[in-house]
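Predicted model, so just to flag it, every value in this text is computed and none were measured.
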Amino acid sequence: MSDAVFELQDIGRRYKQGEGWLTVLRGVDLALRPGEIVALVGPSGSGKSTLLHIAGLLDKPDRGEILVAGEKCSALTPDERTMLRRTSVGFVYQFHHLLPEFTALENVMMPLRIGGVKDDEAEKRSTAALKRLGLGERIHHRPSELSGGEQQRVAISRAVVNQPHILLADEPTGNLDPETSDVVFNELLSLAKTQGLSALIATHNMELASRMDRVMTMSGGRLRAA
C-alpha cells in the first residue's frame, strides 16, 4: 500500500482549439509523501498551472485518477469535490487575491467561516496562523495597508488555516522583489515542514527549487525528475 498522502495517476488533459485539440498533459504520475515538498518547474505554457488546477480539484482530467489521503476523486460529485477541496487542499497564487475590504484576520477567517467554524474558534485559529508568519501586529490591517510580502504571508496563512493535507502554490513569490521573495519562501518552507504539509510548488526560480526535497520538470505534457 502506498504511503503517499496525494497521488496523480496517468493524468491526461486536452482542450479544444479551433477544429483540433491541444494536449496539455500526457499521462502524468506523481506521489507526495507526508511532509514532502516538491518543486514543479518548466517553461511557460508547459502545463504547470493546468496540473495544479487538476491537483486541486478545480479542473477535471480527461483521464486518470487523483487520490487525496487515499480517497479516489474521480467518482465524487461536484459538492463532494468542493468539500474535499475546502478541507484537504490549500492554495497560494502569485497574486494574493485578498479581499480588499476585509482585514488580514478577516481574510484568513473566510475559509473557516465557509466551512462552518464558529467565529470565536475561527478568530483564534486565524490569529495563530498569522502570528506564525510574523503578522501578529498587522492582523487588523487591510491589504492596502500591507506590503507585498505581508500580503502574501496573509495569503499563505489563509491557505493553511484549515490544516489541509496538501499545499499547492503557483509561483507564490513571483510577484515579489528578490529579497522579499527569499524571506517569504523560507517562511513557506518552514511552515510546511512544521505542519507536516505535503506541498507542490510551481516556480521559475531554480535557486528556490533547489531548496525543496525534489524537483520535477514539466515538458511536452509529461512530468519527470529533474
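- Atom NZ of Lys16 has more than 12 neighbouring heavy atoms from other residues, nucleotides or ligands inside a 6.0 Å radius.
- A heavy-atom distance below 4.5 Å is not found between the side chains of Met83 and Thr77.
- Inter-residue side-chain proximity for Leu51 and Leu8 is flagged as met; some heavy-atom pair is nearer than 4.5 Å.
- Atom NZ of Lys193 has more than 12 heavy atoms from other residues, nucleotides or ligands within 6.0 Å.
- Minimum heavy-atom separation, Pro164 to Gly90: CB-N, 3.7 Å.
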Does Tyr15 form a side chain to side chain contact (heavy atoms under 4.5 Å, CB included) with Thr50? I'd like the steps, not just the answer. CA-CA 11 Å; Tyr15 297 94; Thr50 297; 3.4 Å; yes
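- Under the 30°/60° scheme for interplanar angles, the aromatic rings of Tyr93 and Phe91 are found to lie parallel.
- Nearest heavy atoms, Val161 versus Ala129: CG2-CB, 4.3 Å.
- Remark: side-chain polar atoms of Arg113 are not paired, donor with acceptor, to backbone N or O of Ala122 under 3.5 angstrom.
- Val38 and Leu25 fall within the same hydrophobic cluster, defined by Ile, Leu, Val, Met, Phe, Trp and Tyr side-chain heavy atoms under 4.5 Å apart, directly or through other members.
- To the nearest 0.5 Å, atom CG of residue Asp79 and atom CG of residue Leu84 are 12.5 Å apart.
- Between Glu65 and Ser74 the shortest heavy-atom distance is OE1-OG, 2.6 Å.
- Side chain of Thr127 to backbone of Glu123: a donor-acceptor contact under 3.5 angstrom is found.
- In the hydrophobic clustering of this structure, Val89 groups with Leu30; members are Ile, Leu, Val, Met, Phe, Trp, Tyr whose side-chain heavy atoms approach within less than 4.5 Å, directly or through other members.
- Between Thr87 and Asn162, every side-chain heavy-atom pair lies at or beyond the 4.5 Å cut-off.
- Within 6.0 Å of atom CD in Glu101, more than 12 heavy atoms from other residues, nucleotides or ligands are found, so the atom counts as buried in its surroundings.
- Taking every heavy atom of both residues into account, Thr203 and Met212 meet most closely at CG2-CE, 4.1 Å.
- Looking only at side-chain heavy atoms (C-beta outward), Lys60 and Arg81 come within less than 4.5 Å of each other.
- How far CG of Leu98 is from CD of Gln152: 8.0 Å, rounded to the nearest 0.5 Å.
- One hydrophobic cluster, built from ILVMFWY side chains closer than 4.5 Å, cannot hold both Leu58 and Ile114; they sit in different ones.
- Hydrophobic clustering places Ile11 together with Leu40 (ILVMFWY residues linked when any side-chain heavy atoms are closer than 4.5 Å, directly or through intermediates).
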Apply the test side chain to side chain contact (heavy atoms under 4.5 Å, CB included) to residues Arg211 and Asn186: give CA-CA distance (whole Å), side-chain angles for both, the deciding distance (0.1 Å), then the verdict. CA-CA 9 Å; Arg211 301 185 204 174; Asn186 283 334; 2.5 Å; yes
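- At least one side-chain heavy atom of Pro172 sits less than 4.5 Å from a side-chain heavy atom of Ile201.
- Within the 3.5 Å criterion, the main-chain N or O of Thr103 finds a donor-acceptor partner in the side chain of Glu106.
- Of the possible polar contacts, none joining the Arg132 side chain to the Ser157 backbone as a donor-acceptor pair under 3.5 Å is found.
- A donor-acceptor pair shorter than 3.5 Å can be found between the side chains of Ser88 and His165.
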Take Leu130 and Val154, measure what side chain to side chain contact (heavy atoms under 4.5 Å, CB included) needs, and give me the verdict at the end. CA-CA 7 Å; Leu130 288 163; Val154 175; 4.1 Å; yes
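- Within the model, atoms CG of Leu105 and CZ of Arg138 stand 14.0 Å from one another, a figure rounded to the nearest 0.5 Å.
- Lys48 contributes no side-chain N or O that, together with a main-chain N or O of Met218, makes up a donor-acceptor pair within less than 3.5 Å.
- Both Leu200 and Leu223 are part of a single hydrophobic cluster, where members link through side-chain heavy atoms under 4.5 Å apart.
- Atom CG in Leu197 sits 10.5 Å away from atom CG in Leu168 (nearest 0.5 Å).
- In this structure, Asp10 CG and Asp29 CG are separated by 6.0 Å, a value rounded to the nearest 0.5 Å.
- Formation of a donor-acceptor pair under 3.5 Å by the Arg13 side chain with backbone atoms of Val24 is not found in this model.
- With hydrogens and angles disregarded, a donor-acceptor distance shorter than 3.5 Å links the side chain of Ser198 to the backbone of Arg33.
- In this structure, CD1 in Ile37 is found 5.5 Å from CG in Asp213, a value given to the nearest 0.5 Å.
- Formation of a donor-acceptor pair under 3.5 Å by the Asp182 side chain with backbone atoms of Pro178 is not found in this model.
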Might you work through the side chain to side chain contact (heavy atoms under 4.5 Å, CB included) test for Arg85 and Val68, ending with a clear yes or no? CA-CA 10 Å; Arg85 187 167 60 245; Val68 178; over 6 Å; no
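- Distance alone, capped at 3.5 Å, is enough to place a donor-acceptor pair between the Glu171 side chain and the His204 backbone.
- Taking each heavy atom of Val117 and Arg125 in turn, the nearest pair found is CG2-NH1, 4.1 Å.
- The two residues Pro143 and Pro100 have their closest heavy-atom pair at CD-O, 3.7 Å.
- Using modelled atom types, no side-chain atom of Glu7 and backbone atom of Ile66 make a donor-acceptor pair closer than 3.5 Å.
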